[in-house]
Amino acid sequence: MRHLLNTISLVVLLLCTAQIEAVAERLHVIPQPAYVDLEAEGHYLVTEKTRIVVNDEAWNPAEIFAADMQKHFGSKRLMKMGKYGKGIKIRTDSCVPAEGYEMTVSEEGVLIIGGSEAGIFYGLQTLRQIIVTCNGEVPYGFIADEPNFEYRGVHFDVSRHFFGVEDVKRYIDILVAHKVNRLHWHLTDDQGWRIEIKRYPELTDKGSMRKETLVGHGLNPEKWDGTPYGGYYTQEQVREIVDYAAKRYMTIIPEIEMPGHAQAALHALPWLGCEEQIVDVWTTWGVTPEVMCAGKETTYEFLENVLLEVIDLFPSELIHIGGDECPKDRWKECEHCQAKIKAEGLEGEEALQGYLVARIERFLNDHGRKMIGWDEILDGGVTPTATVMSWRGIGGGIYAARRGNDVVMTPMSLCYFNFYQTESREGEGLHIGGHIPFEKVYSWDPYEGLEGTEREHIIGAQCNMWSEYIKDMKTVEVMLLPRLAAMAEVQWATNNRNEETIRERMETMRKFYEACGWNYAPYYFEGRK
Ligand code: TNX
């Protein structure tokens with residue numbers, strides 16, 4: 001008898017689970033929310049007349065949501081907002097995880113409780129996806145959600161090609177809809193210095209323009225386009241963008257490349273080089289031997305002065321100092337560098353880079369900030385407090401995490417969104433190389449190779465948009481979408497990913513992209529990889 005009862009309860013349980021799963025599948029949100037329990041039927045209809053009821057003075061997320069909805073509904077007026085009434089109610093509660101939210105939908109309306117304003121914002125992003133893709137019909141039920149990683153990053157190289165203020169804002173709009181909360185802004189490189197620094201106007205006067213740009217991959221015979229190219233952000237524009245991002249709960253991490261990838265700065269200020277050599281803003285892609293001199297004290301003074309202005313502009317705790325791909329040819333021949341190596345008792349040029357990085361880190365720490373750099377900062381002997389961005393595979397990140405350094409994983413073979421999306425490359429135009437289809441991003445485990453507490457040092461994952469071959473916003477979007485959706489599940493829903501439902505959910509996401517007017521690549525939807 002007992003056996004029979006057990007069997008019956010098991011069958012009932014299985015049926016119920018199947019039912020819940022079937023119901024949950026009706027909800028297509030990306031990244032997948034952590035917990036979804038929908039009622040079998042019924043929905044609350046959101047229209048342009050629905051009221052947003054704001055408690056806790058959380059007006060900012062409400063205003064952003066209302067503006068998005070206004071665009072969506074194509075209506076003349078913003079949705080009404082007030083402290084009382086029915087509709088979409090939002091408030092915070094410290095019992096909910098900081099960036100998390102709980103959403104309850106019933107005849108009463110939609111209630112979103114965020115762990116913070118950011119949590120409300122993410123709840124509203126979820127709601128927005130549902131409204132846009134389900135004609136405003138939000139199914140009755142309950143969602144509880146929170147991110148896996150605290151650092152959910154996307155990078156943007158605006159040096160190789162420049163993208164203006166409106167483009168960057170649009171980029172931010174796309175990111176936050178995927179619940180990304182860090183923009184790693186690659187502002188300086190060999191091919192252009194893009195941020196105004198008041199103390200050194202030459203950096204943008206001279207360093208933001210190159211004479212021309214390499215055509216194609218530059219394989220034999222090399223050709224250039226003969227067209228001057230440039231652009232930069234004034235400090236006022238930088239503040240505008242930082243503020244725009246902050247209102248969307250996104251931190252912008254500025255990157256000032258040092259001591260390599262700095263030929264544009266050397267063009268502007270030749271005394272930054274070992275021999276004060278005269279060089280052009282670079283017109284070719286790759287790694288140049290023209291790097292900053294790490295021997296002269298004037299270089300350190302320069303870097304500190306630049307960073308002081310950067311710190312003033314960016315509230316981000318992390319400041320990125322680059323550190324990647326710095327050939328040491330010039331340093332080997334340089335009397336200043338050799339003298340510094342001797343005076344500091346260093347073991348050679350690698351250690352000299354370690355010295356420079358450690359000194360800059362101390363400077364940032366003294367000003368209340370933390371340093372992050374590409375994984376080359378490990379080569380010269382990294383301090384225990386630096387955050388490491390692992391790009392040359394995952395080895396650097398694993399090594400750093402085991403030592404106790406914080407790590408952002410962004411291995412080239414999985415996270416370089418400037419790489420091709422299909423094997424055949426048909427219809428993709430010219431890109432740098434590589435091959436990263438949607439599926440490859442989706443199945444990535446950023447914790448790979450690490451166990452237990454070591455994993456706690458992986459603070460996040462990031463994808464990168466290097467712009468050597470990406471010249472306009474349409475191409476940026478096509479390279480970003482839909483792969484960003486895969487990355488968003490890696491970052492936010494790391495342990496809630498579902499290979500079986502992703503394709504169907506992506507069809508809904510595609511509708512969302514269409515409704516937002518964002519360009520996206522067709523390959524994944526065509527079954528091409
Ligand atoms: C490597 S990733 C670079 C960039 C290039 C990129 C091209 C890294 C730290 N450095 O300078 O743009 O490859 O994919």
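One is the number of the first residue; the rest follow in order along the sequence.
The shortest distance between side-chain heavy atoms of Phe65 and Arg128 falls below 4.5 Å. When side chains are defined from C-beta on, Thr47 does not count as touching Met79, because their heavy atoms never get closer than 4.5 Å. No side-chain heavy atom of Thr422 sits under 4.5 Å from any side-chain heavy atom of Tyr420. When side chains are defined from C-beta on, Ser208 counts as touching Arg194, because their heavy atoms get closer than 4.5 Å. You'll find the side chain of Met371 reaches within 4.5 Å of the side chain of Ile377, heavy atoms only. Residues Glu255 and Thr188 are not in side-chain contact: their nearest non-hydrogen atoms beyond the backbone lie 4.5 Å or more apart. Counting heavy atoms from C-beta on, the side chains of Leu364 and Ile321 come closer than 4.5 Å. At least one side-chain heavy atom of Ile64 sits less than 4.5 Å from a side-chain heavy atom of Arg248.
Between the side chain of Gln491 and the backbone N or O of Gly153 there is at least one donor-acceptor pair closer than 3.5 Å. When atom types are taken as modelled, the side chain of Asp189 and the backbone of Gln191 share no donor-acceptor pair closer than 3.5 angstrom. Listed for the Asp375 side chain is a donor-acceptor partner under 3.5 Å among the backbone atoms of Arg392. Remark: the backbone N or O of Gly192 is paired with a side-chain donor or acceptor of Ser159 at under 3.5 angstrom. Asp145 places a side-chain N or O within donor-acceptor distance of the main-chain N or O of Ala34, the cut-off being under 3.5 Å. Here the side chain of Ser316 pairs no donor or acceptor atom with the backbone of Ile253 at under 3.5 angstrom. Of the possible donor and acceptor atoms, one in the side chain of Glu454 sits under 3.5 Å from a partner among the backbone N and O of Glu451. Counting only distance, with no hydrogens or angles, the side chain of Gln462 and the backbone of Arg152 share no donor-acceptor pair below 3.5 Å. Using a distance-only test at 3.5 Å, with no hydrogens or angles considered, no donor-acceptor pair links the side chain of Asn418 to the main chain of Ser467. Judged by distance alone, with hydrogens and angles left aside, the side-chain atoms of Asp324 form no donor-acceptor pair with the main-chain N or O of Trp374 at under 3.5 Å.
The two residues Leu318 and Tyr151 make their nearest non-hydrogen contact at CD1-CE1, 4.1 Å. Thr494 and Pro446 make their closest contact through CG2-CD, 4.4 Å (heavy atoms, listed as atom of the first residue, atom of the second, distance). The two residues Gly449 and Ile398 make their nearest non-hydrogen contact at CA-CD1, 4.0 Å. Nearest heavy-atom pair, Val242 versus Ile252, reported as atom, atom and distance to 0.1 Å: CA-CD1, 4.1 Å. The two residues Val53 and Gly85 come nearest to each other via the heavy atoms CG2-O, 3.5 Å. Here the closest non-hydrogen pair linking Ala62 and Met81 is CB-SD, 3.9 Å.
With respect to the salt-bridge test (charged N to carboxylate O, under 4.0 angstrom), the residues Lys83 and Glu57 qualify. Checked for salt-bridge contact, Glu439 and Arg503 meet the test: a charged N lies under 4.0 Å from a carboxylate O. With respect to the salt-bridge test (charged N to carboxylate O, under 4.0 angstrom), the residues Asp190 and Arg160 do not qualify. Arg369 and Glu317 are not joined by a salt bridge, as no carboxylate oxygen comes within less than 4.0 angstrom of a charged side-chain nitrogen.
Between Tyr513 and His178, the ring center distance clears the sub-6.0 Å criterion. Between His320 and Trp185, the gap from one ring centroid to the other reaches at least 6.0 Å. Aromatic pair Tyr523/Phe438: centroids not less than 6.0 angstrom apart. Ring centroids of Tyr122 and Tyr101 are separated by 6.0 Å or more, keeping the two rings apart. Taking the centre of each ring, His431 and Tyr469 stay at or above the 6.0 Å mark.
Under the rule for a ring pair (Phe, Tyr, Trp, His ring centres under 6.0 Å), Phe417 has no partner lying at least two apart in sequence or in another chain. Take Glu423 and apply the side-chain contact (heavy atoms from CB on, under 4.5 Å) test, not counting sequence neighbours, and it matches His435. Legend: residues meeting ring pair (Phe, Tyr, Trp, His ring centres under 6.0 Å) with His161, ordered by chain and number and at least two apart, are Tyr229, Trp285. Residues passing the ring pair (Phe, Tyr, Trp, His ring centres under 6.0 Å) test with Tyr232, sequence neighbours excluded: none.
Here the straight-line distance linking atom CD of Glu361 with atom OG1 of Thr385 works out to 3.5 Å at 0.5 Å rounding. To the nearest 0.5 angstrom, Glu309 atom CD is 8.5 Å from Ile195 atom CD1. Rounding to the nearest 0.5 Å places OG1 of Thr387 at 6.0 Å from NZ of Lys370.
Seen from the ring of Phe525, Arg510 counts as a face-on cation partner, given the 6.0 Å and 45° thresholds.
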Inset, instruction - Begin from the C-alpha positions of Ile197 and Thr204 and carry the test side chain to side chain contact (heavy atoms under 4.5 Å, CB included) through to its verdict. - result: CA-CA 8 Å; Ile197 300 294; Thr204 42; over 6 Å; no

Inset, instruction - Take Arg403 and Val382 through the side chain to side chain contact (heavy atoms under 4.5 Å, CB included) test and state the conclusion after the steps. - result: CA-CA 10 Å; Arg403 287 178 84 248; Val382 72; 3.0 Å; yes

Legend entry - Derivation and outcome, side chain to side chain contact (heavy atoms under 4.5 Å, CB included), residues Val408 and Ile459: CA-CA 6 Å; Val408 174; Ile459 61 166; 3.9 Å; yes

Legend entry - Arg91 and Asp56: CA distance, side-chain angles, deciding distance, salt bridge (charged side-chain N to carboxylate O under 4.0 Å, His left out) verdict: CA-CA 6 Å; Arg91 65 177 163 89; Asp56 302 339; over 6 Å; no

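Side chains of Tyr399 and Asn405: no donor on one and acceptor on the other come within 3.5 Å. Side-chain atoms of Ser424 and Arg528 include a donor-acceptor pair closer than 3.5 Å. No side-chain N or O of Thr213 forms a donor-acceptor pair with one of Lys471 less than 3.5 Å apart. Using a 3.5 Å distance cut-off with no hydrogens or angles, the side chains of Asn498 and Tyr442 do not pair a donor with an acceptor. Using a 3.5 Å distance cut-off with no hydrogens or angles, the side chains of Gln421 and Tyr524 do not pair a donor with an acceptor. Residues Asp173 and Tyr244 bring a donor and an acceptor atom of their side chains to less than 3.5 Å of each other.
When the shell of 6.0 Å around CD of Glu448 is examined, it contains 12 or fewer heavy atoms from other residues, nucleotides or ligands.
Using cut-offs of 30° and 60° for the angle between ring planes, the Phe512 and Trp518 rings count as perpendicular. Ring geometry for Trp466 versus His155: interplanar angle of 30 to 60°, hence tilted.
Listed by first and then second residue, the salt bridge (charged side-chain N to carboxylate O under 4.0 Å, His left out) pairs that reach into residues 229-239 are Arg239-Asp312, sequence neighbours excluded. Evaluation of the salt bridge (charged side-chain N to carboxylate O under 4.0 Å, His left out) test over residues 473-497, restricted to residues two or more places apart or in two chains, returns Arg170-Glu477, Glu489-Arg505.
Checking Phe156, Tyr233, Trp193 one by one against Phe162, the ring-ring contact (aromatic ring centres under 6.0 Å, His included) holds for a single residue, Tyr233.
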